[in-house]
There are 2 protein chains.
Amino acid sequence: MARTTEGDGAPVPQRLLAAATRLFAEQGYDRTSVQEIVEAAGVTKGALYHYFGSKDDLLHEVYARVLRVQQERLDHFSTMDAPVEQRLRGAAADVVVTTIENLDDAMIFFRSMHHLSPEKNKQVRAERRRYHEQFRALIEEGQQEGVFSTATPADLVVDYHFGSVHHLSTWYRPDGPLTPQQVADHLADLLLRALRP
Amino acid sequence: MARTTEGDGAPVPQRLLAAATRLFAEQGYDRTSVQEIVEAAGVTKGALYHYFGSKDDLLHEVYARVLRVQQERLDHFSTMDAPVEQRLRGAAADVVVTTIENLDDAMIFFRSMHHLSPEKNKQVRAERRRYHEQFRALIEEGQQEGVFSTATPADLVVDYHFGSVHHLSTWYRPDGPLTPQQVADHLADLLLRALRP
DNA sequence: TTACACATACCGACTGGTTAGTCTGGGCCG
DNA sequence: CGGCCCAGACTAACCAGTCGGTATGTGTAA
């Protein structure tokens, strides 16, 4: 019991969300029919619309989950008691590991924003912005302390790093030569090296 | 005459492609109906299916155009007669400028790969791979000469940089504070700084 | 303990609307 | 007059969401 598979065991809402996540990542939001989702979860449309208001709602749930997890993790690293280089390195590497461990979520996150309804899209953007600014604050702190170069605006540095995170779902393969932690260390290293004064 | 707008002047196939590019970028491939495309181009379905085999074909044309342009530009920079740092910096900055100047193409390129038919997808991936490898060769050349750090595998460095290029369509706004060239210089700079030995 | 009331959880046929692609025919140009 | 170019009605398929219905459980009062 307490299985995490979609077929059985777990409560119906979780099964639906798990099935939707996988299918949205594999086929895209528009290409995935509600019928496919309920079949993968082993229920029918009645169950889905009992727990979720719409197909769009299901997508929004995926976003909410990702945002919550990433925000919690960033909070942890930015409030750590350590030099700013270590805090930034920790946060930068952690987001890579977390992203790789949930590649389906990442795929959906960056590819399906425009499928959300306007108001949900706005809400997601706002939370995303908060996250971005908190990350930027770390870089600015280091720049003010003089341990990071000020050659590049902090905003651009954040976008540079998150570009590579975003890109992970395009090229990373679990059966490739690098473990998630190795990729994370390399990418954090590139960021920190680029920031050397 | 020889207008580049979608409504009139230019030959019908170009008008269709221009309309499709804009609409695919704005609304996504699946959310754009063939009817919308032909209306934006000022023709009817008969015209579209006279020149293109399918809606999918139209998308493939966008990919073919982007790949051709980017490959030509990379060829130019990699065969330049200059130190490898300059060739890499030139290529890295140029792809940023070109991408910003064709943000619609970039948006479609990275967001709609999975909408291509399997064989067209395979073809696009193959061409993309060739591009990636040529870019990687530049980095490896610098690493062998000792002017670039070997701390990170060249493959990963390429993905790091193209992640940021990919990401441009998400955050860059033409009415923002930075010109395309300024963004390009910053991003190329970050890459080169990360590669300092 | 039994009987009834009510809610939660789910089923699955159905509807109204949309879509990619086809096809027949017409006009224009060489 | 024949072939390229295109119009626009048509079709077959599909899809999100609805709705009436059923089953199971829980609380309550006789």
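Throughout, protein chains are lettered first and strands after them, A, B, ... in sequence-line order, and every chain is numbered starting at 1.
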Members sharing A:M80's hydrophobic cluster, built from side-chain contacts under 4.5 Å between Ile, Leu, Val, Met, Phe, Trp and Tyr, are A:F77
Compute both the distance and the angle, then confirm whether A:R128 meets the cation-pi test with A:F162: under 6.0 Å from the six-membered ring centre, within 45 degrees of the axis.
yes
Check side chain to side chain donor-acceptor pair (under 3.5 Å) between A:R89 and all other residues, then give those that pass, not counting sequence neighbours.
A:D189
May I have the distance from A:H50 (atom NE2) to D:dG20 (atom P), rounded to whole angstrom?
17 Å
Using whole Å, what does the distance between atom P of nucleotide D:dC5 and atom CG of B:L48 come to?
14 Å
Looking at A:E61 and A:R65, is there a salt bridge between them, counting it only when a charged N and a carboxylate O are closer than 4.0 Å?
no
Contact letters for nucleotides 20-30 of chain C, in which S counts primed atoms plus P, OP1 and OP2 and B counts the base, heavy atoms under 4.0 Å:
BBB--------
Could you tell me the separation between the CZ atom of A:F52 and the C1' atom of D:dT18, rounded to a whole number of Å?
18 Å
Using a strict threshold of under 4.0 Å (side-chain N to carboxylate O), is an ion pair present between A:E141 and A:R87?
yes
What class does the angle between the rings of B:H115 and B:Y29 fall in, given that below 30° is parallel, 30 to 60° is tilted and above 60° is perpendicular?
parallel
Could you tell me how far apart A:Y51 (OH) and D:dG17 (C1') are, to the nearest whole angstrom?
18 Å
Could you give the CZ-to-P distance, from B:R31 to D:dC15, as a whole number of Å?
14 Å
